A.B. asks: 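Pasting a structure here, questions to come.
Keep in mind the model is a prediction, meaning the values are calculated, not measured. The first residue of the sequence shown is numbered 1, and numbering continues consecutively from there. When reading the values below, keep in mind they use all heavy atoms of this one structure, side chains included, and skip hydrogens, waters and symmetry mates.
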Amino acid sequence: GLPVLSPLAGTFYCAPEPGAKPFVEIGARVEKGQQVGIVEVMKLMNNIKAPENGVIKTIRVRNEETVGMGQILMTMDPLP
């Protein structure tokens, strides 16, 4: 599938705030530019957006997990 990468090293969040519904789940249809997660770096929240229209295939990191720059956060199957 098409990878969704972390642009920076930091902490990954799957939802906008603790206890909130995740931005996406496996099987969710997303549009290009739709927010699918957050990576926090030194209290700055960086929105992670879908690179293409598609369906989320895998989510490779857990909420509040430390991620590296360029790490694959999730994969998606592109749609036309």
A.B. asks: Transitively linked via ILVMFWY side-chain contacts under 4.5 Å: V55 with V24?
C.D. replies: no
A.B. asks: Side-chain heavy atoms under 4.5 angstrom apart, residues restricted to Ile, Leu, Val, Met, Phe, Trp, Tyr: same cluster for V41 and V61?
C.D. replies: yes
A.B. asks: For residues 25-35, please give each side-chain donor-acceptor pair under 3.5 Å, one per line with the distance, not counting sequence neighbours.
C.D. replies:
residue: Q34; atom: OE1; partner: E31; partner atom: N; Å: 3.1
residue: Q35; atom: NE2; partner: G37; partner atom: O; Å: 3.4
residue: Q35; atom: NE2; partner: N47; partner atom: OD1; Å: 3.0

A.B. asks: Taking side-chain contact (heavy atoms from CB on, under 4.5 Å) as the test, write out the residues that go with P51, two or more places apart.
C.D. replies: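 With neighbours one apart ignored, the set is L2, V4, M76.
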A.B. asks: Mind checking what makes side-chain contact (heavy atoms from CB on, under 4.5 Å) contact with M69, not counting sequence neighbours?
C.D. replies: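 For M69, no residue satisfies side-chain contact (heavy atoms from CB on, under 4.5 Å) once neighbours in sequence are set aside.
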A.B. asks: State, yes or no, whether a side-chain contact exists between Y13 and V39 at a heavy-atom distance under 4.5 Å.
C.D. replies: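 A side-chain contact is absent here, since even the closest heavy-atom pair is not under 4.5 Å.
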A.B. asks: Where do I48 and P7 come nearest, in terms of heavy atoms and distance?
C.D. replies: CD1-CD, 3.4 Å
A.B. asks: Which atoms form the tightest heavy-atom contact between A15 and A20, and what is the distance?
C.D. replies: CB-O, 3.5 Å
A.B. asks: Determine which pairs satisfy side-chain hydrogen bond (donor to acceptor under 3.5 Å, both in side chains) with at least one residue from residues 57-69, sequence neighbours left out, and list them in order.
C.D. replies: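 The answer is T58-T75.
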A.B. asks: Using links of under 4.5 Å between side-chain heavy atoms of ILVMFWY residues, direct or through other members, which residues join L5 in one cluster?
C.D. replies: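 Its cluster mates, by chain and number, are I72.
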A.B. asks: Do I59 and L73 make a side-chain contact, defined as non-hydrogen atoms from C-beta onward lying under 4.5 Å apart?
C.D. replies: no
A.B. asks: V67 and S6: which non-hydrogen atoms are nearest, and at how many Å?
C.D. replies: CG2-OG, 3.7 Å
